[in-house]
Amino acid sequence: MNKLYVIGIGPGEYEQMTLKAIHAMEKSEVIIGYTVYVDLVKEHFPGKEFMTTPMKKEVDRCVMAFEEAKKGKVVSMICSGDAGVYGMSGLMYEVGVNYPEVELEIIPGVTAATGGAAVLGAPLIHDFCLISLSDLLTPWEKIEARLLAAAQADFVVCLYNPSSKKRSDYLQKACDLMMQYKSPETVCGIVSYIGRDGEHYEVMDLKTLRDTKVDMFTTVWVGNSQTKEINGKMVTPRGYRNV
């Protein structure tokens, strides 16, 4: 049975994985992933064979998974969050054209946008978009255009990868761009270490967010013109009427 699951494990906490994800990993003989993600699940699936690759070895990881499945093993390729949201499922399909004998099944997980939203309150109740501030795979010019378009259209914006050592001022740049269309008083929020030890959230306005230090373990939410703070939580109304 050349079966290969591509699984979103959510933020990493066992309780936030779906039952379908857990059952697929229980049925698998081999579990493959980025080293950090494998370490998050290893204790819950004893007796499995675990294989890892470091960061920036995504293609190698995909090939490894298909090669193992080609041997007739049931294999799980795991990703944090949802495998289809900035995850591995697209690359797995691309690599998979060379392995027609292997059956792929994608299993969704809780992505940072929804996992962190639950911590913040209810910021994603109306139209929203996800934008990654990482320019490793996307030119900054495209990211800038997307930020401006989303702000002008009054979307709630969820920002992934808001900062790193090499991109320490990218969140500041993003806030400056969005403040061309969004009020500096727009309600915003951040959550760090979603679903993990050290989880922490803050609600603030956009001008404060601009000067807030974040890292790659932080996800950011910028509200729309109707988003409000209620009892320390970030809440976006369902619609614009009667608000």
Side-chain angles (χ1 to χ4, degrees), residues 8 10-11 81-82 84-87 90 108-164 167-192 194-195 199-243:
D82 184 292
V85 181
Y86 301 108
V110 177
T111 189
T114 52
V119 176
L120 274 178
L124 303 181
I125 300 301
H126 206 290
D127 297 340
F128 69 93
C129 65
L130 309 181
I131 300 175
S132 170
L133 295 189
S134 172
D135 57 359
L136 288 175
L137 301 175
T138 306
W140 176 254
E141 293 75 21
K142 280 192 179 292
I143 296 171
E144 182 175 308
R146 290 167 181 171
L147 289 166
L148 288 170
Q152 184 175 20
D154 202 27
F155 278 98
V156 173
V157 181
C158 182
L159 299 175
Y160 282 27
N161 307 309
S163 183
S164 70
R167 300 181 291 103
S168 60
D169 63 342
Y170 276 32
L171 178 59
Q172 189 177 75
K173 288 181 179 179
C175 291
D176 286 340
L177 287 164
M178 288 188 287
M179 277 193 280
Q180 293 183 35
Y181 296 102
K182 289 180 177 286
S183 164
E185 310 303 319
T186 301
V187 176
C188 300
I190 62 171
V191 186
S192 301
I194 300 166
E199 180 181 88
H200 172 75
Y201 81 92
E202 293 180 51
V203 176
M204 65 194 75
D205 59 28
L206 183 53
K207 66 177 183 294
T208 302
L209 175 66
R210 180 192 184 276
D211 297 315
T212 299
K213 298 298 182 186
V214 297
D215 57 26
M216 290 292 283
F217 298 102
T218 305
T219 306
V220 175
W221 289 257
V222 178
N224 67 19
S225 60
Q226 304 301 307
T227 304
K228 60 186 76 174
E229 183 176 344
I230 300 177
N231 296 326
K233 295 289 187 175
M234 181 179 177
V235 179
T236 300
R238 181 74 180 270
Y240 283 75
R241 295 180 182 176
N242 303 318
V243 176

(request) Give a yes or no answer on whether the side chain of Lys233 reaches the backbone of Val119 with a donor-acceptor pair at less than 3.5 Å. (result) yes
(message) Could you go through Leu133 and Leu147, starting from their C-alpha distance and side-chain angles, then the distance that decides it, and tell me whether this counts as side-chain contact (heavy atoms from CB on, under 4.5 Å)?
(response) CA-CA 9 Å; Leu133 295 189; Leu147 289 166; 4.1 Å; yes
(request) Locate the shortest heavy-atom distance separating Pro123 from Thr236; write the atom from each residue and the value. (result) O-OG1, 2.7 Å
(message) Would the distance check show the side chain of Gln152 and the main-chain N or O of Leu148 forming a donor-acceptor pair, the cut-off being under 3.5 Å?
(response) no
(request) List the atom of Ala150, the atom of Cys129, and the distance in Å for their closest heavy-atom pair. (result) CB-SG, 3.6 Å
(message) Do Arg167 and Lys173 make a side-chain contact, defined as non-hydrogen atoms from C-beta onward lying under 4.5 Å apart?
(response) no
(request) In sequence, state the C-alpha distance, the side-chain angles, and the governing distance for Thr227 and Trp221, and then conclude on side-chain contact (heavy atoms from CB on, under 4.5 Å). (result) CA-CA 11 Å; Thr227 304; Trp221 289 257; over 6 Å; no
(message) What I'd like to find out is whether the side chain of Met178 reaches to under 4.5 Å of the side chain of Leu159, using heavy atoms alone.
(response) yes
(message) Under the criterion side-chain contact (heavy atoms from CB on, under 4.5 Å), I'd like the reasoning laid out for Met204 against Ile190: C-alpha separation, chi angles, the key distance, then a yes or no.
(response) CA-CA 8 Å; Met204 65 194 75; Ile190 62 171; 4.0 Å; yes
(message) So Val156 and Leu124, do their side chains get closer than 4.5 Å, heavy atoms only?
(response) yes
(request) Count the heavy atoms of every other residue, nucleotide or ligand shown that sit under 6.0 Å from NZ of Lys142, and state whether that count exceeds 12. (result) no
(request) Could you tell me whether the side chain of Tyr170 reaches within less than 4.5 Å of the side chain of Asp135, counting heavy atoms only? (result) yes
(request) Please confirm whether the backbone N or O of Ser225 pairs with a side-chain atom of Asp154, one donor and one acceptor, at under 3.5 Å? (result) yes
(message) Working to the nearest 0.5 angstrom, can you tell me the gap between Thr186 OG1 and Gln226 CD?
(response) 10.5 Å
(request) Return the minimal non-hydrogen interatomic distance between Tyr201 and Gly232, and the atom names on each side. (result) CE1-O, 3.8 Å
(message) Quick check: do Val110 and Pro11 have side-chain heavy atoms less than 4.5 Å from each other?
(response) yes
(message) Would you compute the distance between atom NZ of Lys182 and atom CG of Asp205 and round it to the nearest 0.5 angstrom?
(response) 13.0 Å
(request) Might you point out which heavy atoms bring Val203 and Val187 nearest each other, and give the distance in Å? (result) CG1-CG1, 3.8 Å
(request) Step by step, work out the side-chain contact (heavy atoms from CB on, under 4.5 Å) result for Lys213 and Leu171. (result) CA-CA 9 Å; Lys213 298 298 182 186; Leu171 178 59; over 6 Å; no
(request) Could you tell me which residues satisfy ring-ring contact (aromatic ring centres under 6.0 Å, His included) with Tyr160, sequence neighbours excluded, listed by chain and number? (result) Tyr86
(request) Mark yes or no for whether Arg146, through its side chain, and Ile131, through its backbone, hold a donor-acceptor pair below 3.5 Å. (result) no
(message) Are the side chains of Thr219 and Val191 in contact, using a 4.5 Å heavy-atom criterion?
(response) no
(request) Answer yes or no: is there a donor N or O on one side and an acceptor on the other, between the side chain of Asn224 and the main chain of Phe155, under 3.5 Å? (result) no
(message) With heavy-atom distances below 4.5 Å as the criterion, would you say the side chains of Gln172 and Ser163 are in contact?
(response) no
(request) For residues Leu130 and Ala113, report the shortest heavy-atom separation together with the two atoms involved. (result) CD2-CB, 3.5 Å
(request) For Arg210 and Met179, indicate whether the former's side chain and the latter's backbone hold a donor-acceptor pair under 3.5 Å. (result) no
(request) Mind listing the closest non-hydrogen atom pair of Ile143 and Ser134 along with its distance? (result) CD1-O, 3.5 Å
(message) Is any side-chain heavy atom of Cys175 closer than 4.5 Å to one of Leu206?
(response) yes
